[in-house]
Amino acid sequence: MPPGLIRRLMDRAEELLLVALFVLMFVISFANVVARYFLRFALAFTEEMVLAAFVWATLLGTATVVRRGAQLAFTFLVDRGSRPTRRLALWLSSTATVVVFGALAYYGVQQVELERRLGFTTEALALPQWWYTAGVPAFAVWVVFRVLQAAWELDRTLRA
């Protein structure tokens, strides 16, 4: 693979995963609608799969928003500050975000370990629950990566 292609794929990794998740969610939900209409009963497993995919999509969406710099922010005072003030605000907010998502990753790993140790399974498919839960710490770490990446890029422009 050419290095430029790898870079573009990494830049769009969460978007590719989001598209795949949304397609999966659509297909599963549509199958449930068809089953309800024609068979007069719901496919119970569809709800647990769509719910897990929705949680994953939320975290992937967060990473996408951070990468694009499109997250909600109150910048009225920061935009009027000096460059050192803007850099300080950037690193304080980035640190706070890393702490929050780092805690989510840490406690997510704890939750996965607990579910594995206790043998929790999903209600409909009887799959190990940790299969669904494992996405939370993994994608939280990905958000931390994107926060740091965005902070370094913005810091570089503030120093110039």
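Taking each heavy atom of Gln129 and Thr122 in turn, the nearest pair found is OE1-CG2, 3.4 Å. Shown here for Ala105 and Val141, the closest heavy-atom pair between the two residues is CB-CG2, 3.8 Å. The minimum heavy-atom distance linking Ala57 with Leu18 is given by the pair O-CD2, 3.5 Å. Leu59 approaches Gly135 most closely through the heavy-atom pair CD1-O, 4.4 Å. When all heavy atoms of Ala124 and Ala44 are compared, the pair lying nearest together is CB-C, 3.8 Å. Listed here is the closest heavy atom pair of Trp56 and Trp131: CZ2-O, 3.6 Å.
Enclosure of atom CD in Gln110 by more than 12 non-hydrogen atoms of other residues, nucleotides or ligands within 6.0 angstrom is indicated.
Using a 4.5 Å heavy-atom cutoff, the side chains of Arg67 and Arg12 are in contact. At a threshold of 4.5 Å between non-hydrogen side-chain atoms, the residues Thr62 and Phe101 count as touching.
Interatomic distance, Tyr132 OH to Leu125 CG, rounded to the nearest 0.5 Å: 5.0 Å. Rounded to the nearest 0.5 angstrom, Thr95 OG1 and Leu90 CG are separated by 8.5 Å. With rounding to the nearest 0.5 Å, the separation of CG in Leu158 from CZ in Arg87 is 7.5 Å. Atom-to-atom distance recorded for Asp155:CG and Ser94:OG is 9.0 Å, nearest 0.5 angstrom. Put simply, CZ on Arg68 and CD on Glu15 are 4.5 Å apart, with the number rounded to the nearest 0.5 Å. Here CZ of Arg80 is found 11.0 Å from CZ of Arg86. Values are rounded to the nearest 0.5 Å.
By the rule that hydrophobic residues join a cluster once side-chain heavy atoms approach within less than 4.5 Å of another member, Leu104 and Val147 end up as members of one cluster. Residue Tyr107 is not grouped with residue Val144 when hydrophobic side chains (ILVMFWY) are merged at heavy-atom distances under 4.5 angstrom, including chains of intermediate members. Under the 4.5 Å side-chain heavy-atom criterion for grouping Ile, Leu, Val, Met, Phe, Trp and Tyr, Leu24 is connected to Val136 within one hydrophobic cluster. With hydrophobic clusters built from ILVMFWY side chains whose heavy atoms lie under 4.5 angstrom apart, Leu88 does not share a cluster with Leu148. Note on Val19 and Leu60: separate hydrophobic clusters, where clusters join Ile, Leu, Val, Met, Phe, Trp and Tyr whose side-chain heavy atoms are under 4.5 Å apart, directly or indirectly.
No hydrogens or angles considered: a donor-acceptor pair under 3.5 Å links the side chains of Thr133 and Glu115.
The closest donor-acceptor contact from the side chain of Asn32 to the backbone of Ala42 lies at 3.5 Å or more, if one exists at all.
Taking the charged nitrogens against the carboxylate oxygens, Arg36 and Glu47 do have a contact shorter than 4.0 Å, which makes a salt bridge.
Aromatic ring pairs are classed by plane angle as parallel below 30°, tilted from 30° to 60° and perpendicular above 60°; the pair Phe145 and Trp142 is tilted.
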From CA spacing to verdict: side chain to side chain contact (heavy atoms under 4.5 Å, CB included), Thr46, Met49 = CA-CA 5 Å; Thr46 61; Met49 292 181 79; 5.9 Å; no

